[in-house]
Amino acid sequence: MADVRELLRSSFRWITNLVDDESYADVTGWWRDADILEHVGPALLDLFGDEQPTVVLGVQSRGILLGALAARSAGVGLAEVRKNPSPSSDADPWWVASTPPDYRDTHIHLGVRKGLLRAGDRVLFVDDWIATGAQADACRRMVEMSGARWIGAAVAVDGLQDAGLRRRLGVRSLLHIRELG
């Protein structure tokens with residue numbers, strides 16, 4: 001676990017926008033490093049070693065990438081959560097939930113096909129970063145709608161400031177934002 005954490009830290013950088021002096025997280029180095037790709041899925045899964053998910057839930061786009069790595073490690077499948085989903089037909093049933101404002105102060109509609117979450121499933125949410133918890137909270141509501149059980153949220157970086165929400169979502173992380181300098 002310590003090696004994965006160091007690999008994540010060393011492949012991460014903050015990018016400063018010269019126009020508005022804002023800093024943005026750049027995790028693209030993670031995808032270029034074969035060691036990270038090999039070990040980050042098992043490391044995220046190990047955060048919940050006391051639980052065995054039956055499905056991993058990942059939000060478009062980086063949550064799907066990390067979710068697939070964690071799901072593969074767990075020997076289970078991935079349920080893809082799409083942003084602003086548009087069902088392919090009226091007969092295509094979805095669980096849908098809207099977020100409160102996210103880190104850009106935007107409301108997003110999230111959806112997962114109903115057949116991907118089943119009553120009795122034990123669902124582990126996986127994402128690269130948690131900032132406001134808005135998307136994870138909406139995903140938790142969809143899990144509850146389906147009759148499945150929310151295990152928690154395994155994230156690479158925890159930037160959540162609301163400790164109460166962190167507890168309610170069961171957030172566990174490989175790194176905290178303060179470790180990224």
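Positions are given from 1 along the sequence. Computed over heavy atoms, backbone and side chain alike; hydrogens, waters and symmetry mates excluded.
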Asks: V40 versus L66: any side-chain heavy-atom pair under 4.5 Å?
Replies: yes
Asks: Could you give the distance from CH2 (W95) to NZ (K114), rounded to the nearest 0.5 Å?
Replies: 4.5 Å
Asks: Between L57 and L124, is any pair of side-chain heavy atoms under 4.5 Å apart?
Replies: no
Asks: Starting at CG of D162, measure out to OG1 of T132 and round the result to the nearest 0.5 Å.
Replies: 10.0 Å
Asks: So, do L45 and P53 sit near enough that their side-chain heavy atoms are less than 4.5 Å apart?
Replies: yes
Asks: Around atom CZ of R149, are there more than 12 heavy atoms of other residues, nucleotides or ligands at under 6.0 Å?
Replies: yes
Asks: Please examine the side chains of L110 and I108, heavy atoms only from C-beta on, and report whether any two atoms are closer than 4.5 Å.
Replies: yes
Asks: Closest heavy-atom contact between P85 and W94?
Replies: CB-CZ3, 3.6 Å
Asks: Would you say the side-chain atoms of D46 pair up with the backbone N or O of G49, donor to acceptor, closer than 3.5 Å?
Replies: no
Asks: A156 and L44: which non-hydrogen atoms are nearest, and at how many Å?
Replies: N-CD2, 3.8 Å
Asks: What's the separation between atom CZ in R9 and atom CG in L180, rounded to the nearest 0.5 Å?
Replies: 8.0 Å
Asks: Are the side chain of D33 and the backbone N or O of D35 linked by a donor-acceptor pair below 3.5 Å?
Replies: yes
Asks: Side chains of V76 and Q52: does their closest heavy-atom pair fall under 4.5 Å?
Replies: yes
Asks: Using modelled atom types and a 3.5 Å cut-off, is there a donor and acceptor pairing between side-chain atoms of R172 and backbone atoms of G152?
Replies: no
Asks: Which heavy atom of C139 sits nearest to which heavy atom of V59, and what is that distance?
Replies: SG-CG2, 3.6 Å
Asks: Which distance, rounded to the nearest 0.5 Å, do you find between the CZ of R141 and the CH2 of W150?
Replies: 10.5 Å
Asks: Looking only at atom types and distance, does a side-chain atom of R166 sit under 3.5 Å from a main-chain N or O of L160, one as donor and one as acceptor?
Replies: yes
Asks: Would a distance-only check, ignoring hydrogens and angles, find a side-chain to backbone donor-acceptor pair under 3.5 Å from T54 to D121?
Replies: no
Asks: Assess whether side chain to side chain contact (heavy atoms under 4.5 Å, CB included) is satisfied between V55 and L78, documenting all intermediate values.
Replies: CA-CA 6 Å; V55 67; L78 173 76; 5.9 Å; no
Asks: For the side chain of H39 and the backbone of V4, is there at least one donor-acceptor N/O pair under 3.5 Å apart?
Replies: no
Asks: Can you name the nearest heavy-atom pair linking V126 to G67, along with the distance?
Replies: CG1-N, 3.7 Å
Asks: Can a cation-pi geometry be assigned to R140 and F125, taking NZ or CZ under 6.0 Å from the six-membered ring centre and within 45° of the ring axis?
Replies: no
Asks: Might you point out which heavy atoms bring L117 and A79 nearest each other, and give the distance in Å?
Replies: CD2-CB, 4.3 Å
Asks: Taking side chain as C-beta onward, heavy atoms only, is D128 less than 4.5 Å from V155?
Replies: no
Asks: Any side-chain heavy atom of R62 sitting closer than 4.5 Å to one from W31?
Replies: yes
Asks: Donor-acceptor pair, S146 side chain versus V143 backbone, under 3.5 Å?
Replies: yes
Asks: Would a 4.5 Å heavy-atom cut-off, applied to side chains only, mark D137 and L169 as touching?
Replies: yes
Asks: Between S73 (side chain) and L69 (backbone), is there a donor-acceptor pair under 3.5 Å?
Replies: no
Asks: Give the minimum heavy-atom separation between A97 and A138, together with the two atoms involved.
Replies: CB-O, 3.6 Å
Asks: Judged by atom type as modelled, is there a donor-acceptor pair below 3.5 Å linking the side chain of Q60 to the main-chain atoms of V81?
Replies: no
Asks: To the nearest 0.5 Å, tell me how far F48 CZ sits from D50 CG.
Replies: 8.0 Å
Asks: Walk me through it: do L8 and I36 pass the test side chain to side chain contact (heavy atoms under 4.5 Å, CB included)?
Replies: CA-CA 7 Å; L8 291 171; I36 290 175; 3.9 Å; yes
Asks: Determine the interplanar angle of the W30 and F12 rings, folded into 0 to 90°, and report it as parallel if under 30°, tilted if 30 to 60°, perpendicular if over 60°.
Replies: tilted
Asks: To the nearest 0.5 Å, what is the distance between CZ on R13 and OH on Y24?
Replies: 14.0 Å
Asks: Is there a side chain to side chain contact (heavy atoms under 4.5 Å, CB included) between Q135 and K83 once you walk through the steps?
Replies: CA-CA 10 Å; Q135 291 184 53; K83 295 179 181 178; 3.4 Å; yes
Asks: Less than 4.0 angstrom from a charged side-chain N to a carboxylate O is my criterion; do R5 and E179 meet it?
Replies: yes
Asks: Assess the side chains of S98 and H109: does a donor N or O sit below 3.5 Å from an acceptor N or O?
Replies: yes
